[in-house]
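What follows is one structure encoded as C-alpha cells, with my remarks underneath.
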2 protein chains.
Amino acid sequence: MRSLPSADRQWRQYVHVSEQTEAVPEPMPDAPVPLARRATLRDVARRAGVSTAAASKVLRGAYGVSPAMRERVQEAMTALAYRPNVSARGMRGKTFTVGVLVSDIQNQFYDQVLSGVAPVFAGADYAVLIGQAEPSVESEIAMVEAMIDHRMDGLVLMTPTMPKAELERFASVLPVVVVARGGAAVGFDTVATDDGIGSALIVDHLVGLGHRSIAHLTVDSPDDDPTLPFRARARGYEAAMRRHGLEDRIDVVRTSWTNDGGTAAARLLLERETLPTAIHAGADVAALGLLSVLWDVGIDVPGDISVAGYDNSPIGMLAPVSLTSVDQGAGELGTRAAQLLLERIGGRTEPRSVLLKPTLVTRRTTAAPRIRSASPVD
Amino acid sequence: MRSLPSADRQWRQYVHVSEQTEAVPEPMPDAPVPLARRATLRDVARRAGVSTAAASKVLRGAYGVSPAMRERVQEAMTALAYRPNVSARGMRGKTFTVGVLVSDIQNQFYDQVLSGVAPVFAGADYAVLIGQAEPSVESEIAMVEAMIDHRMDGLVLMTPTMPKAELERFASVLPVVVVARGGAAVGFDTVATDDGIGSALIVDHLVGLGHRSIAHLTVDSPDDDPTLPFRARARGYEAAMRRHGLEDRIDVVRTSWTNDGGTAAARLLLERETLPTAIHAGADVAALGLLSVLWDVGIDVPGDISVAGYDNSPIGMLAPVSLTSVDQGAGELGTRAAQLLLERIGGRTEPRSVLLKPTLVTRRTTAAPRIRSASPVD
DNA sequence: GTCCTCGCGTATAACGTTCTACGAGATCGT
DNA sequence: ACGATCTCGTAGAACGTTATACGCGAGGAC
C-alpha cells in the first residue's frame, strides 16, 4: 500500500498521445497544434483494454489485480509514457509531494539540511518542493498556507522564529516536522541538536584557552519560547558562564543572526571602551558579518579577539576564514526529519522529538588571548 | 482577467467550517475528530446566498458580477478564510504556481537569482516553488517532469548543462525561461549575461597586470552547444588570448564547476613543472576549491599566482577571501526572467532573449605577477 | 406593445484520479 | 450439488474548481 516496487513505476517522459483505439473527434482540423497532451489513466486503460479503475489499481499497487492484467497495464503505461496528474490526485487524497520551508535560502546551513532531506523522499517516490520565504514570520506563514493550498502530504519546516502556536495550527491540518528547534510539541515532530550543549562547548573551549570576557550574540525577538534556538543557545551560554564562575561577565548583545546582524553587532562592540576577548556569535552568518568588520578595521583575529560561529558552514571551512564553529550535523538532521515525516504521513500521530549532540570544530579564529583581559578579577 | 485588484484576494488563514446553513449528516458522531476542513467555494457561495458559479466569478474577477454580489461574496470569503484549492484549479487550467529549477542549491549564484525572481511573482499573485536537483542531467529532467506533473503554469530553469533538445521539449508543454544561458531559442526565452565579454574582462585585466601565462578552467562535457555558459566562456577566453597575441599560451583545464572540481584542477596544475601565473577559474565555486588547495599548500595568492572567479558570490566578498570576479547581476537576471515568464504565461509565444553586460570586480586575489613568467617569449 | 440587447445570475459538464460497491466466475467444503 | 468464500474486474460517484451555455428581467428603439 505504501510505496510500490520500483518496477510498478516506470513512467518517464511524455509523448504525444494519439487517440488510436477509438474514433474520437479531432479537436479542430487546422487549429493551432495543441501542446503535447499527456496520457491519462483512461488512455492507458484503453490501450490495455481494461477499465480505468483497473489501471488505477495497478498504478497504486492495490489489491485485486491479476499478474496478466498488471503486465498489460504496465506495458501501456511505459508505451504512453504515462505520468500521474498530481492535481487530480490531490483532489482525492495524496499528492505524493512534500514541502520544505526554508526561511533563509542564503544560509548554507539550510542547504545542507536539504541535502539530507532530498534522498529520503526520492527513495520513497515523493516529490520535494521547496518554498522560500522572506525573513519575516508573515512571509513564512504565507508560504506554508500556499503549500497547504497545494495539498501537500507533509511539511518540513526550517524556521527559527515561527511562533509555536502557528506551528500547532499547521500541524492540525497536515503532518509537520520542525527542524533545528528542540522541545517537545504536541502536534508535530522536532529534530534538533542540543543548543545548550553547543553553547557549553564553545564557552568551555574559550575558557580553556584563557578567556574570561566572552560576549554572546543573540536574536532580538519578543518571543521568549525557550525552544527557540537562539533562546536555547543564550541560556546555554549563561549557564556555562555561571558554571565557570563568570556570571558577572555575562554579556549578551541582541541583534539578528544574519550577515547584517553580525556587522551591526561589530559596530556596537567597537563603540565600547574595551572589547571582549572572545565572542560566541551564535551563528556562522553572524560571525562572518562580524569578522568582515573586524578585518576591515584591522583588528587581529584571533590575536586581539577570538570568534566562534555556529553551524559549521562550508564558508567557515575555507582556509583563510577558518572559523571555529559548532557542527550540528545538518545532513543528519535533514535525514531524520524526512524519516519522521514519512512516518507521520504513514499514520503516526504521537509526537516524536529527536535531539542530537553537536560537536565543536576548532579552527583558527579562536586562540588564547594575547594579553590577559584587563579585568579587576583574575 | 489576469491579476485581480488585491482587494479581491483577501483569503488568509483557514478556520474550521461548520455546515451551518444546511442539515448535513455528520460524518460519524464519535469518530476521531477530522482535521480542520478548509472552506470551499461552495461553502462561500452558500454563506453569501449565491451559486458557486457566481462565487467563482468573483474569485476570478470575471465579467457579470454586480457590485452588491461581489461585496457579499467577498465578505463570505474573508469570514470563512477561504483559500482556493490549487489541485482543483489545476484540473481545469491554471494553478497560479511557477516552478524554479535550481541545479545546485549550494551555488550562491542561484540563490541570488532567486531573490530577484520571487518578488515579481509575489506581486502577480503567483506562488513560487523551487525544485532542487542533484547535479546530473537525469535528475534535472526528473525534477522538471515532476513540476509538469504538478501542472505548474511556467518554469524558470537554471541549469547550465541541460541539452537544448530537452529544453525545447519542455517548452512545447509549458512556458519556459532559461537563465544564465545565451543564444536564441525557438520555444523558450533566455536571460543571460554575455560570457564572451565576461571572459574578455578577466583576460584583459590579467594581461593588463602583466600576466601572459593564463590558464582557464572549463567544464568537461561532451555537449558542445556554444550557448552553454562554459563553452561561451571558454571561447571568450580563447578569443581574448588570441587578441593579445597569446594564442600559444592558451591553456584550458577540463574539470567541473564545483568546489571539488576546483580542488581537482588545483591538484592537476600542481603536478606540472611550472604553474601558470594566473587562472581564470570560470566560476567562483571552482575558484574557491582551487584556492583552498593553493592556500593549504602554501602558495601565495596573488603573489605566486593570481586567481579570478566568476559570479561575484557573497563568499568572495569576504575580506579574507577577497576574490576578483565577474558580476553577472544575478538579481536582475532573476527579475528579467520572471517578467519574461509572466509574459509567456500571458500568451506571448515568440521567443525573446535578453543579454546583459557583465562587469569586472577586482579584488585581492589578482595582482601583477611577482616574477615575470619564465617563458621563452617576452 | 414587440423585438433586441444588455446586465446579472444559475445550471451543469468537464478535468483525472481514487475507492467503495458490486457482480461474475472459479474454488471449496460438505 | 449447492451455498459460501475467494479472486479479479467494472461502474460510477465523488473531489473543488472553471467556463460555457443558457434564463430572465429591464430598458431602448421602433
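Naming convention: chains lettered A, B, ... in sequence-line order (proteins, then strands); numbering from 1 in each chain. Just so it is clear, the structure is predicted and the values come from calculations on it, not from any experiment.
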Query raised in the report: Who passes salt bridge (charged side-chain N to carboxylate O under 4.0 Å, His left out) against B/Arg151, sequence neighbours left out?
Result: none

**Report entry** Axis-to-axis angle between the two ends of the helix from C/dG1-D/dC30 to C/dT30-D/dA1 (five base pairs per end, rounded to 10 degrees)
**Finding:** 50°

**Report entry** Those residues that, when tested against A/Thr161, pass side-chain contact (heavy atoms from CB on, under 4.5 Å) (two or more places apart)
**Finding:** A/Val137, A/Glu140, A/Thr159, A/Phe230

Report task. Find the distance between CZ (B/Phe170) and CE (B/Met147) and round it off to the nearest 0.5 Å. Result -> 11.0 Å

Query raised in the report: Can you name the residues that form a side-chain contact (heavy atoms from CB on, under 4.5 Å) with B/Thr97, not counting sequence neighbours?
Result: A/His150, B/Val86, B/Thr95, B/Ala127, B/Leu129, B/Met152

**Report entry** Rounded distance in Å - CG (A/Leu59) to C1' (C/dT17)
**Finding:** 9 Å

**Report entry** Separation of C/dT10 P from B/Arg46 CZ (nearest whole Å)
**Finding:** 14 Å

Report task. Look at the side-chain N and O atoms of B/Tyr63 and state whether any lies under 4.0 Å from the OP1 or OP2 oxygen of C/dC8. Result -> no

Query raised in the report: What residues, two or more places apart in sequence or in another chain, satisfy side-chain contact (heavy atoms from CB on, under 4.5 Å) together with A/Ala76?
Result: A/Val44, A/Arg47, A/Ala48

**Report entry** Residues that A/Ser353 engages under side chain to side chain donor-acceptor pair (under 3.5 Å), provided they are two or more places apart
**Finding:** A/Thr190

Requested in this report: Between protein and nucleotides 22-28 of chain D, map the contacts as a letter string: B base, S sugar-phosphate only, - none, heavy atoms under 4.0 Å, written 5' to 3'.
Outcome: -------

Query - Any residue meeting side-chain contact (heavy atoms from CB on, under 4.5 Å) with B/Val128, in chain and number order, not counting sequence neighbours - result: B/Val98, B/Val100, B/Phe121

Can you give the donor-acceptor pairs under 3.5 Å from side chains of residues 49-59 of chain B to other protein atoms, not counting sequence neighbours?
unit_1	atom_1	unit_2	atom_2	d
B/Ser51	OG	B/Ala54	N	3.1
B/Ser56	OG	B/Arg60	NE	2.9
B/Ser56	OG	B/Arg60	NH2	3.3

**Report entry** Residues in salt bridge (charged side-chain N to carboxylate O under 4.0 Å, His left out) contact with A/Arg72, at least two apart in sequence or another chain
**Finding:** none

Requested in this report: Give B/Ser56 one of three labels, base, sugar-phosphate or nothing, depending on what nucleic acid heavy atoms sit under 4.0 Å from its own.
Outcome: base

**Report entry** Reading 5' to 3' through nucleotides 10-16 of chain D, protein heavy-atom contacts under 4.0 Å coded B for base, S for sugar-phosphate only, - for none
**Finding:** BBB-BBB

Report summary line: Residues passing the salt bridge (charged side-chain N to carboxylate O under 4.0 Å, His left out) test with A/Arg348, sequence neighbours excluded, are A/Asp189, A/Glu343

